[in-house]
Protein chains: 2
Amino acid sequence: MESRRTRQQDAIEAVLADAGRPMSVQEVFSAAAATVPGIGLSTVYRTIRKLAEQGEIAAVAVPGQPDRYELAHVAATHHHHFHCTACDRVFDIRGCVGGLDRLLPSGFELHGHELTLVGACDHCSGT
Amino acid sequence: MESRRTRQQDAIEAVLADAGRPMSVQEVFSAAAATVPGIGLSTVYRTIRKLAEQGEIAAVAVPGQPDRYELAHVAATHHHHFHCTACDRVFDIRGCVGGLDRLLPSGFELHGHELTLVGACDHCSGT
DNA sequence: ATAGTTATTGAGAATTGTTGTCATTGTGGT
DNA sequence: ACCACAATGACAACAATTCTCAATAACTAT
Ligand SMILES: [Zn+2]
Ligand SMILES: [Zn+2]
Ligand SMILES: [Zn+2]
Ligand SMILES: [Zn+2]
């Protein structure tokens, strides 16, 4: 029941750490393949799922698309996301909003929240 | 290029209208089958996709799960969602928060936003 | 360093969720 | 009632993810 650290796991975590934004499994796969040629897609799925179950990475959902993932120690610094509908990338944005309790219906328990701004990123906005 | 109204479409929209909360395709399928026995899953997918393209329904994403959908005329009354991680249902909640522009990085264009509170619903909370 | 134990990998099969195809059905116009 | 053709339902095709398992390689104990 011991655990063995591998080249593949290191590469996957390194990719997520360097990315600076939530990445899809395919993106992680492509990026990790640069470091570990021949890495299997199965391994990426398996590793990401394990990390997610252990709470070391968090999933970010975008309607109609596969989830993206980012390291939880990044998520630990409470933050939110911006989804550019032009290039389909998701960015981290700092800060939060207050007064969420005000929205909570009575009898409901609040454990957390997710906020995603939608629009065009600096690279895609017409300006 | 004309459009023909059918029993199936009526049932699907009725299900979404009566639900009062975002529903998955499977849920819509099951509920609609009560009204229109023998309705095809393809038809539900097709109809929901068409409604989404026409902007008559909006998709709600939950990490690790298929999207849910709800009528846009409901969404027109700007609102947000609550995801109960115990029963996995998503509820509509009224109201919004201000000061979102404050979070926007410079050069980014804001078109909209999604906010999802996460926790336990009144039925699932220990209280 | 060497060899043994077994957790982890990679390839592909299997599953699940969604879209495409097409003969048949049934709506809406006449 | 008849016709034209939009919409349906069954199933094939595709996409995303998980499962299976023989081969590999990380750690342990010599
Ligand atoms: Zn962009
Ligand atoms: Zn926040
Ligand atoms: Zn609940
Ligand atoms: Zn709002």
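A, B, ... follow the sequence lines: proteins, then strands. Residue 1 opens every chain. Only a predicted model underlies this, so the values are computations on that prediction, with no experimental measurement involved. Reckoned from all heavy atoms, side chains included, excluding hydrogens, waters and symmetry mates.
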Problem set entry | Heavy-atom protein contacts under 4.0 Å, nucleotides 19-30 of chain C, coded B base, S sugar-phosphate only, - none | BB-----BBS--
For this session: Verify whether one side chain among B/D92 and B/H80 offers a donor that lies under 3.5 Å from an acceptor in the other.
Result: no
Problem set entry | Protein-nucleotide distance (A/M23, atom CE; D/dA16, atom C1'), rounded to Å | 18 Å
Problem set entry | A/D101 CG to B/L117 CG distance, which is reported to the nearest 0.5 Å | 9.0 Å
Exercise. Is there a side-chain polar atom (N or O) of A/Q65 under 4.0 Å from OP1 or OP2 of D/dA16?
Worked result: no
Exercise. When you check the gap from the basic side-chain N to the acidic O, do B/R5 and B/E13 get nearer than 4.0 Å?
Worked result: yes
For this session: Remember a base hit wins even if backbone is also touched, and classify B/Q26 as base, sugar-phosphate or nothing at under 4.0 Å, heavy atoms.
Result: nothing
Exercise. So do the side chains of B/I93 and A/P105 get within less than 4.5 Å of each other, counting heavy atoms only?
Worked result: yes
Exercise. What is the distance from CD1 of A/I39 to P of C/dT8, rounded to the nearest Å?
Worked result: 14 Å
Exercise. Should B/H111 and A/H83 be marked as a ring-ring contact (aromatic ring centres under 6.0 Å, His included) after you check the CA-CA gap, both sets of side-chain angles, and the distance that decides it?
Worked result: CA-CA 10 Å; B/H111 296 159; A/H83 175 213; over 10 Å; no
Problem set entry | Parallel, tilted or perpendicular, as decided by the 30° and 60° cut-offs, for the rings of A/F82 and B/F108 | perpendicular
Exercise. Salt bridge or not for B/R4 and B/E2, using N-O below 4.0 Å?
Worked result: yes
Problem set entry | Interatomic distance where NZ belongs to A/K50 and P belongs to D/dC19 [whole Å] | 15 Å
For this session: Round to the nearest Å and state the distance from B/F29 atom CZ to D/dT8 atom C1'.
Result: 13 Å
Seminar exercise, completed: If each end axis of the helix from C/dA1-D/dT30 to C/dT30-D/dA1 is fitted on five C1' pair positions, the angle between them, to 10 degrees, is 40°
For this session: Calculate the interatomic distance between B/I48 atom CD1 and D/dA7 atom C1'; express it in whole Å.
Result: 16 Å
Exercise. Does the side chain of A/H81 come under 3.5 Å of the side chain of A/E70 through a donor N or O and an acceptor N or O?
Worked result: yes
Problem set entry | A/Q8 CD to D/dA23 P, straight-line distance once rounded to whole Å | 18 Å
Exercise. Between atom CG in A/D10 and atom P in C/dT8, what is the gap in whole Å?
Worked result: 13 Å
For this session: Quick one: list whatever passes salt bridge (Lys or Arg N to Asp or Glu O under 4.0 Å) with A/R7, sequence neighbours left out.
Result: none
